[in-house]
Amino acid sequence: MDKAIFVLNGPNLNLLGTREPEIYGTDTLADIETACQAVAERLGVPLIFRQTNHEGELVDWLQEARTAAAGVLLNAGALTHTSVALYDAIKAMAIPVLEIHLSNPLRREAFRHQSYIGMAAHGTIAGFGLRSYVLGMEALAPLIQVRS
Ligand code: DQA
């Protein structure tokens, strides 16, 4: 398969490792990329792994993914709970988009209980730290018809 899996990360996820480790653990974003890369190689699919602190850049990347990606894992960080623009971008996509979170937002503050991403995504994996991404990669495989 020549189309890639896009793993897109939103605000503050560049700080993983030192950011609230009691909630997010001590794995860094580089550790998560390494874990995703290992699954991508096993699946035989290219991986594009990115992070941005800017909502519009995430919108641009989701639009890029419409033609360049086979499927998307999206951890939109706090934009999960606020961004109608990301909701609309996902609704405009025909490929599967999975919502990913390290923590389980439903166990946390009430403002994290609403997810614009979850309302548009194929499904959600949350609460497993770095493993949420690995599980997401594995969940995406049958949806994009690569070997799994
Ligand atoms: C998060 C959960 C969000 O509520 C939070 O704003 C984040 C990280 C997670 O991966 O657990 O930045 O998306």
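Just so we're clear, the structure is a prediction, and the values are computed from it rather than from any experiment. Remember, it's 1-based here, ligands and their atoms both numbered in the order they're listed. Computed over heavy atoms, backbone and side chain alike; hydrogens, waters and symmetry mates excluded. Along the sequence shown, residues are numbered consecutively beginning with 1.
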Original post:
Below 4.5 Å, heavy atoms only, C-beta onward: do V7 and M137 meet side chain to side chain?
Top reply: yes
Subject >> Qualifying residue, where the test is side-chain contact (heavy atoms from CB on, under 4.5 Å) with V72 and the options are I100, I5, V97, I90 >> reply: V97
**OP:** Would you please test E33 and Q37 for side chain to side chain donor-acceptor pair (under 3.5 Å) and show each step?
**Re:** CA-CA 6 Å; E33 180 171 3; Q37 187 62 50; over 6 Å; no
Subject >> H113 versus P105, closest heavy-atom pair with distance >> reply: CD2-O, 3.3 Å
Subject >> Test item: side-chain donor near acceptor, T28 and D31, under 3.5 Å >> reply: yes
Original post:
With under 30° as parallel and over 60° as perpendicular, where do the rings of F49 and Y133 fit, or are they tilted in between?
Top reply: tilted
Which pairs of N or O atoms, one from ligand 1 and one from the protein, are separated by less than 3.5 Å, and what is the distance for each pair?
{"unit_1": "ligand 1", "atom_1": "4 (O)", "unit_2": "H81", "atom_2": "NE2", "d": "2.7"}
{"unit_1": "ligand 1", "atom_1": "4 (O)", "unit_2": "R112", "atom_2": "NH1", "d": "2.9"}
{"unit_1": "ligand 1", "atom_1": "6 (O)", "unit_2": "A78", "atom_2": "N", "d": "3.1"}
{"unit_1": "ligand 1", "atom_1": "6 (O)", "unit_2": "R112", "atom_2": "NH1", "d": "3.0"}
{"unit_1": "ligand 1", "atom_1": "10 (O)", "unit_2": "N75", "atom_2": "ND2", "d": "2.9"}
{"unit_1": "ligand 1", "atom_1": "10 (O)", "unit_2": "L102", "atom_2": "N", "d": "2.8"}
{"unit_1": "ligand 1", "atom_1": "11 (O)", "unit_2": "L102", "atom_2": "N", "d": "3.3"}
{"unit_1": "ligand 1", "atom_1": "11 (O)", "unit_2": "S103", "atom_2": "N", "d": "2.8"}
{"unit_1": "ligand 1", "atom_1": "11 (O)", "unit_2": "S103", "atom_2": "OG", "d": "2.6"}
{"unit_1": "ligand 1", "atom_1": "12 (O)", "unit_2": "R19", "atom_2": "NH1", "d": "3.1"}
{"unit_1": "ligand 1", "atom_1": "12 (O)", "unit_2": "R19", "atom_2": "NH2", "d": "3.0"}
{"unit_1": "ligand 1", "atom_1": "13 (O)", "unit_2": "N75", "atom_2": "OD1", "d": "2.8"}
{"unit_1": "ligand 1", "atom_1": "13 (O)", "unit_2": "H101", "atom_2": "ND1", "d": "2.8"}

